[in-house]
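All remarks here apply to the structure that follows.
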Protein chains: 2
Amino acid sequence: MVTIDDVAELAGLSKSTVSRVINHYPHVSQEKKQKVFEAMEKLGYVPNSSARSLRNKKTKMIAVIVPRLMNPFFGQLVESMEVAANQSGYQLLICQTMYSQETELGHLELLKTKQVDGIIMASLENDWSTISEYLTYGPLIMCNEFDESADIPIIKLDQIHGGYMATKHLLRQGHRKIAYCSGGYKSMVANHRKLGFDKALAEHGIPFQDAYGFYNAYTIENGMEVFKQIHAMKDPPTAVFTGSDEVAAGIIAGAREYGVTIPNELSVIGFDNQVISKITEPKISTVEQPIEQMAQKAVHVLVDKINDQKPLIRERYELPLELIIRESTVGGPLRAVE
Amino acid sequence: MVTIDDVAELAGLSKSTVSRVINHYPHVSQEKKQKVFEAMEKLGYVPNSSARSLRNKKTKMIAVIVPRLMNPFFGQLVESMEVAANQSGYQLLICQTMYSQETELGHLELLKTKQVDGIIMASLENDWSTISEYLTYGPLIMCNEFDESADIPIIKLDQIHGGYMATKHLLRQGHRKIAYCSGGYKSMVANHRKLGFDKALAEHGIPFQDAYGFYNAYTIENGMEVFKQIHAMKDPPTAVFTGSDEVAAGIIAGAREYGVTIPNELSVIGFDNQVISKITEPKISTVEQPIEQMAQKAVHVLVDKINDQKPLIRERYELPLELIIRESTVGGPLRAVE
DNA sequence: CTGTTAGCGCATTCAT
DNA sequence: ATGAATGCGCTAACAG
């Protein structure tokens, strides 16, 4: 391995000077600078990043914690983060919790062991009280998922409004019996959507029936299961709000199996505007989330926090959602109102 | 920051002894070992990984290079790799090429700068001749994508057989005019599938018509575009082989728009067995790829190569594919033969 | 079985 | 503007 000493020797200079050149110090004569460059070139020298990290106490790495990558939402999120991180001179470490608290805590240890300069949490399996312990070791911010009480930067989407818009749309189509279907009891993202959902219902003076609530739906398979349950009801809902396009697609697939037409007999709205929402029959009305923007913002905020050492303070960045109306909610049997 | 010296001091021992218990050395008395544990516990000590890396010349990190994560195939691949890497005591760095040669080379530099102990390439934008330069800096293996001439370990799938099986299935349904549709001119994965495709056709004495070849289809949108082109032909194919379920879904979506029924008027077969293949109307016949197995194998092989320092040699691991017949290829107008 | 010593490769005082 | 010296935190000889 070629080290800074080798370069110094070949250039006939001291390692200090070489180091200065590498780190773009101002006061180095053009002449010596040239010599150093030549020597580096000749030897194919590249600084050893472990040594640098040890010296600088900075690894130029950040980690992102997500539930799992197979979920297309997180695939997109991480894709955008990787690009943003690279542009900012950072490498991105990927950490999946697989919905396990222990695994999540294990990943947080990266901050203790100084393997990363900061962490973006897009997952939240543990309570904030236990996560906050790690704040001593480095900056930690939340992205998408969040905890209201955490006094750190949080980049999130306006999920309340998202739930509200989607539900309001269903109500405008004349629906009064609307089911609610989401994933994750603990998830504040899901909770906020429910808040928006409730708000819309309240505005129309409609009480929510507990039998219409489904809280463990994440996948297409789950969606199909939900449909079966709905189908078996004596007084089924005429519309269903879902927390993801996959679940909506599952409901549609389930309906197809049972010969129930959508939106004629049941309206369904998704969430995410994933590609899947454009290819089901019918196409899924959904709520578009600015994933890329959110990812970029998260990376930039974290990098800022890494640079100015100051302790983290409470910060909130909220991005808007957008309702996208397609086929799965319009043209149903009910008369549109308003 | 609490260091090994602090622990040594509190325990009334030397740092060597502390280091020995940390690294599970055999010959340390139970008594002292206990003292060290107590001191570590009390101080909340955690070894600094930069220092360890510098000393050991091992970072316990590996990188995986993929085109992009949004592609669900790579999402799954990376998901499984992360789990396998963690189980083997490694962190996984994610690197996307975004189909750029320069970006890919940039990621390879991680090996030079000693930021990772090894790299799994699931992307291949550059020629092997330029990539092989990096072999001096650490182990490098290929996974899924490959270059025949590379004398390194390669974990791949039997794409030739995959293309063959799928095409054979189409032929058995009585099709004689079969289009071929894939992504990536450079990709050997695509090339091998084409080889299998050609082989099947040859067995039936059917020459391939160049007009039936599409080589730039990756996404749903691309699939829709392909359908339009097929639809506009004076002598269109009766079946189409596609390199991904997304493209197949796009063709189905396109057909729906034009009122062409599938498989009645056109049969379509996908590749990957993604969830999308189960929810389109009709469901997509496809080829299942053992992604998780491949990911695990790749991680294990790389970890092995990292451990025994020996220079890499040519190794091939090939996993089988499986044909999954659903609705998009059966029940068409042609009489099944054989 | 345990302590002392010497670096790993680099950036940064402190001199000059 | 440049060089010499020091130490980041850790592991590994080498003694004993």
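Note that the structure is predicted; figures quoted are calculated from it, not measured. Within every chain, numbering begins at 1; the chains are lettered A, B, ... in the order of the sequence lines, protein sequences first and strands thereafter.
Atom OH in A:Tyr25 sits roughly 13 Å away from atom P in D:dA1 (whole-Å rounding). Put simply, NZ on B:Lys58 is 14 Å from C1' on D:dT11, counting in whole angstrom units.
Every residue meeting the side chain to side chain donor-acceptor pair (under 3.5 Å) condition with B:Glu125, not counting sequence neighbours, appears here in chain and number order: B:Lys186. Residues forming a side chain to side chain donor-acceptor pair (under 3.5 Å) with B:Asp127 (at least two apart in sequence, or on another chain): none. Here A:Asn23 pairs with A:Ser19, A:Tyr25, A:Arg52 under the side chain to side chain contact (heavy atoms under 4.5 Å, CB included) rule; sequence neighbours left out. The side chain to side chain contact (heavy atoms under 4.5 Å, CB included) test applied to B:Glu9 returns no partner, not counting sequence neighbours. Taking the ring pair (Phe, Tyr, Trp, His ring centres under 6.0 Å) definition, one finds that B:Phe74 meets it with nothing, sequence neighbours left out. Listed by chain and residue number, nothing satisfies the salt bridge (charged side-chain N to carboxylate O under 4.0 Å, His left out) test with A:Glu133 (two or more places apart in sequence, or in another chain).
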Listing, residues 10-17 of chain B side-chain donor-acceptor contacts under 3.5 Å, not counting sequence neighbours, or none:
from: B:Ser14; atom 1: OG; to: B:Ser16; atom 2: N; distance (Å): 3.4
from: B:Ser14; atom 1: OG; to: B:Thr17; atom 2: N; distance (Å): 3.4
from: B:Ser14; atom 1: OG; to: B:Thr17; atom 2: OG1; distance (Å): 3.3

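Distances shown here put every side-chain N or O of A:Asn56 at or beyond 4.0 Å from the OP1 or OP2 atom of D:dC8.
From one end of the helix from C:dC1-D:dG16 to C:dT16-D:dA1 to the other, with five pairs defining each end axis, the axis direction shifts by 40° (rounded to 10°).
Among the candidates A:Lys156, A:Gln293, A:Met294, A:Lys297, the single residue satisfying the side-chain contact (heavy atoms from CB on, under 4.5 Å) test with A:Tyr317 is A:Lys297.
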Exercise. What string of B, S and - do you get for nucleotides 1-9 of chain C 5' to 3' if you count protein non-hydrogen atoms under 4.0 Å?
Worked result: SBBB-BBBB
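Sequence neighbours left out, the pairs with a member in residues 127-154 of chain A that pass ring-ring contact (aromatic ring centres under 6.0 Å, His included) are A:Phe146-A:His192. The list of side chain to side chain donor-acceptor pair (under 3.5 Å) pairs with a residue in residues 38-49 of chain B, not counting sequence neighbours, is empty.
Listed by residue number, the members of residues 110-118 of chain A with any heavy atom below 4.0 angstrom from DNA chain C form an empty set.
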